[in-house]
Amino acid sequence: MARIPYADTSALPADLQEWHAKLPPNSHLFMMVAHAEATAGTLMQLGLQQITQLELPARLRELATNATAGVLGAEYLRLRHVLPDDPVTPAEREAIYRGDHSGFSGLDLAVLTFATAVARGLPVDDATFAPVRAGLSDREIVELVQVVGYYWMFGQFANVLAIEAEPHA
């Protein structure tokens, strides 16, 4: 059970009610974030942009998201962050969550290694950075760090506030 109640949808300001209407059903995480009315809309907009407007390829973005979920043990992200036409297979998702990157190579492995280091809050050494630098543009590298940071924040929301990993509707 969540440590604090989810926001009451009917009590939200109009702009957040509009955002809520666009969300998939059972979005417990966003109903928790809605308590922070001043920033909830911005966080939701940023989440939408993470999925729709990045130059970073969807597969690499999702590898990084799953690596972050694995580092945090964020069950909510593991269960809920599954996109339509997801570029990461369920088997890959489970392996990443367990920290098993043995089935990956090339840029996929470089991104997983980099995202894992970033999510752990460790300095990224030259050996970890070099393969990412060789395979991604400057913009994509910055977006990769942003993706890890964004999902690290939401993984922590889910973990600290004990947000239930409800099933997709």
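In this structure, Trp19 places its CH2 atom where more than 12 heavy-atom neighbours from other residues, nucleotides or ligands lie under 6.0 Å away. The environment of CG in Asp126 is sparse: at most 12 heavy-atom neighbours from other residues, nucleotides or ligands sit within 6.0 Å.
Under a hydrophobic-cluster definition in which Ile, Leu, Val, Met, Phe, Trp and Tyr are linked whenever side-chain heavy atoms come within less than 4.5 Å, directly or via other members, Leu144 and Leu77 are assigned to the same cluster. Under the 4.5 Å side-chain heavy-atom criterion for Ile, Leu, Val, Met, Phe, Trp and Tyr, Trp152 and Val142 are members of distinct hydrophobic clusters. In the hydrophobic clustering of this structure, Ile51 groups with Val147; members are Ile, Leu, Val, Met, Phe, Trp, Tyr whose side-chain heavy atoms approach within less than 4.5 Å, directly or through other members. Following chains of ILVMFWY side-chain contacts shorter than 4.5 Å, one can reach Ile163 starting from Ile4, so the two form part of one hydrophobic cluster. Leu79 and Val71 fall into different hydrophobic clusters, where Ile, Leu, Val, Met, Phe, Trp and Tyr residues are linked whenever their side-chain heavy atoms come under 4.5 Å apart, directly or through other members.
Contact detail for Gly155 and Leu72: the closest heavy-atom pair is CA-CD1, 3.9 Å. When all heavy atoms are compared, the tightest approach of Pro87 to Glu92 is O-OE1, 4.2 Å. Looking at every heavy atom in both residues, Leu12 comes nearest to Met31 through CD1-CE, 3.9 Å. The two atoms that bring Val88 and Arg59 nearest to each other are CA-NH1, 3.9 Å, heavy atoms only. For the pair Val132 and Thr128, the tightest heavy-atom approach, listed with the atom from each and the gap, is CG2-O, 4.0 Å. Across every non-hydrogen atom of Leu107 and Pro131, the tightest pair is CD1-O, 4.1 Å.
With Tyr76 contributing its side chain and Phe154 its backbone, the two residues share no donor-acceptor pair below 3.5 Å. Between the Arg3 side chain and the Val160 main chain, a donor and an acceptor come within less than 3.5 Å of each other. For Gln49 (side chain) and Leu54 (main-chain N/O), no donor-acceptor pair under 3.5 Å exists by modelled atom type. Listed for the Asp15 side chain is no donor-acceptor partner under 3.5 Å among the backbone atoms of Gly41. The main-chain N or O of Ala91 is never found under 3.5 Å from a side-chain atom of Glu94 such that the two would form a donor-acceptor pair.
Atoms OH and OG1, on Tyr150 and Thr65 in that order, are 10.0 Å from each other to the nearest 0.5 Å. Interatomic distance, CD of Glu62 versus CD of Gln50, reported as 10.0 Å (0.5 Å rounding). Summarising the geometry, atom CD belonging to Glu55 is positioned 9.5 Å from atom CG belonging to Leu136; distances are rounded to the nearest 0.5 Å. Summarising the geometry, atom CZ belonging to Arg93 is positioned 13.0 Å from atom CZ belonging to Arg98; distances are rounded to the nearest 0.5 Å. Going from atom CG of Leu112 over to atom CD1 of Ile96 covers 5.0 Å, rounded to the nearest 0.5 Å.
Ion pairing of Glu143 with Arg139 is present here, as a side-chain N (NZ or NE/NH1/NH2) and a carboxylate O approach within less than 4.0 Å.
Thr9 and Gln17 are not linked by any side-chain donor-acceptor pair at a separation below 3.5 angstrom, with hydrogens and angles left out of the test.
Judged as a side-chain hydrogen bond (donor to acceptor under 3.5 Å, both in side chains), not a single pair has a partner in residues 29-40 (not counting sequence neighbours).
Under the 4.5 Å side-chain criterion, counting only non-hydrogen atoms from C-beta, Pro57 is in contact with Glu140. Between Phe30 and His20 there is no side-chain heavy-atom pair separated by less than 4.5 Å. A 4.5 Å side-chain heavy-atom check between Met32 and Pro5 finds every atom pair outside the cut-off.
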Criterion ring pair (Phe, Tyr, Trp, His ring centres under 6.0 Å) on Phe157 and Tyr151, from CA distance to verdict: CA-CA 10 Å; Phe157 275 132; Tyr151 287 102; over 10 Å; no

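Classification of the Tyr6-His28 ring pair by plane angle, with boundaries at 30° and 60°, yields parallel. Ring orientation note: the planes of Phe104 and His101 are nearly perpendicular, at an angle over 60° on the 30°/60° scale.
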